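What's counted below: heavy atoms across the whole structure, side chains too, no hydrogens, waters or symmetry copies. On a predicted model such as this, the values are computed, not experimentally measured, just so you know.
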Amino acid sequence: MLFTLLKAACLATYALAIAAWAGILPAGFAGNAQTIAVVILCAHVLELVFMFRHVRLYRGPLGVSVLLTLLFGLLHWLPLARAQGKKATA
């Protein structure tokens with residue numbers, strides 16, 4: 001449930017940044033929304049680089065897993081890593 005709410009927050013952040021880029025949001029709020037979205041996206045790019053071994057565990061296409069990691073970061077790859085850890089201990 002918590003991961004679902006956090007994923008929704010990520011999507012809302014990106015949606016606000018797109019709305020700011022389109023000129024829908026007030027100027028003062030637009031800059032903040034875009035900055036926050038860029039910071040989150042940069043963090044997710046770093047996660048993709050350093051946690052790629054977990055990103056590869058996704059059962060679907062690798063491109064989809066990369067996209068999901070860029071959107072959600074650890075909210076995508078952490079459950080994959082935990083599942084892999086449970087298999088290793090079982």
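Following chains of ILVMFWY side-chain contacts shorter than 4.5 Å, one cannot reach Val38 starting from Leu41, and the two form parts of different hydrophobic clusters. Hydrophobic clustering keeps Val45 apart from Val39 (ILVMFWY residues linked when any side-chain heavy atoms are closer than 4.5 Å, directly or through intermediates). In the hydrophobic clustering of this structure, Phe3 groups with Ile40; members are Ile, Leu, Val, Met, Phe, Trp, Tyr whose side-chain heavy atoms approach within less than 4.5 Å, directly or through other members.
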Which pairs of donor and acceptor atoms, one on a side chain in residues 15-29, lie under 3.5 Å apart (sequence neighbours left out)?
none

Cut-off 3.5 Å, no hydrogens considered: what does the side-chain donor-acceptor table look like for residues 59-79, sequence neighbours left out?
from: Ser65; atom 1: OG; to: Val55; atom 2: O; distance (Å): 2.7
from: Ser65; atom 1: OG; to: His76; atom 2: NE2; distance (Å): 3.0
from: Thr69; atom 1: OG1; to: Ser65; atom 2: O; distance (Å): 2.8
from: Trp77; atom 1: NE1; to: Glu47; atom 2: OE2; distance (Å): 3.0

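In this structure, His54 has no side chain to side chain donor-acceptor pair (under 3.5 Å) partners at least two apart in sequence or on a different chain.
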